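Only one structure is covered here, and it is reproduced in the block below.
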Amino acid sequence: MASFSFNFELDKFFPDGIKDEKLALDMVSAGQEVLQKNIQNAARKHVRTGSMANSVKCSKPLINKNGDAVGRVKFYGTDKSGMLNWYKAIWIEYGTVTQPARPFIRPAIRGSESSVKAAMQKVFDKKAKG
């Protein structure tokens, strides 16, 4: 299954690192929620049934084998005719032989960067004060 990922280095924002895995996972989760809403809003411009926009969900954040906190925002499921929602998203994003590309995911991701960082920072600040 295809997925779209948004990554940035936490070390750039927190040079001393984050030793608390739960904090890192909570920060990733906060960022995912922002990104999910922005991608859903962008997907709603291409609504026929609403299934694609409604299928944008966050995976549970986890610590990967490299020790990084990661989370994904993906298109899940199918529409009522059985078409995979991520497949429709790719067709719209990149186009087909008969349909021009109408990017909405990449602009949503780029446009989310500062709000994702702010959401993550808010979680960090709350933990630092607590």
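In what follows, every heavy atom counts, from backbone to side chain, and hydrogens, waters and symmetry copies are set aside. Since this is a predicted model, take the numbers as computed values, not measurements. Count residues from 1 along the sequence.
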Derivation and outcome, side-chain contact (heavy atoms from CB on, under 4.5 Å), residues M52 and I92: CA-CA 11 Å; M52 184 182 67; I92 295 168; 3.7 Å; yes
Test side-chain contact (heavy atoms from CB on, under 4.5 Å) applied to T78 and M83, step by step: CA-CA 5 Å; T78 60; M83 167 86 63; 5.9 Å; no
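Interatomic distance, K60 NZ to L62 CG, rounded to the nearest 0.5 Å: 8.5 Å. Here the OG atom belonging to S115 is positioned 12.0 Å from the CD atom belonging to E33, to the nearest 0.5 angstrom. Atoms CE and CZ, from M27 and F124 in turn, are 6.5 Å apart once rounded to the nearest 0.5 Å. W86 contributes atom CH2, which lies 11.5 Å from atom CD1 of I105 (distance to the nearest 0.5 angstrom).
Put simply, the side chain of N64 gets close to the backbone of N66: a donor and an acceptor are under 3.5 Å apart. For Q32 (side chain) and S59 (main-chain N/O), a donor-acceptor pair under 3.5 Å exists by modelled atom type. Side chain of S29 to backbone of L25: no donor-acceptor contact under 3.5 angstrom is found.
Taking all atoms of both residues into account, the shortest heavy-atom contact from A119 to G31 is CB-N, 4.5 Å. The two residues S112 and N38 have their closest heavy-atom pair at OG-ND2, 2.7 Å. Here the shortest heavy-atom pairing between A42 and F104 reads CB-O, 3.6 Å. Closest approach of A30 to V123, counting heavy atoms only: CB-CG2, 3.6 Å.
With a 4.5 Å cut-off on side-chain heavy atoms, V28 and V70 do not count as touching. Inter-residue side-chain proximity for F75 and I39 is flagged as met; some heavy-atom pair is nearer than 4.5 Å. Residues M120 and D26 fail the side-chain proximity criterion, which asks for heavy atoms closer than 4.5 Å. The shortest side-chain heavy-atom distance between R72 and C58 does not fall under the 4.5 Å cut-off. Between R106 and E93, the closest side-chain pair of non-hydrogen atoms falls below 4.5 Å.
N85 and S51 share a donor-acceptor pair across their side chains, judged by distance under 3.5 Å alone.
For the pairing with V56, the side chain to side chain contact (heavy atoms under 4.5 Å, CB included) check across K37, K74, R44, Q36 returns one residue only, Q36. For the side-chain hydrogen bond (donor to acceptor under 3.5 Å, both in side chains) with D125, the qualifying choice from Q121, K122, K127 is Q121, the only one to do so.
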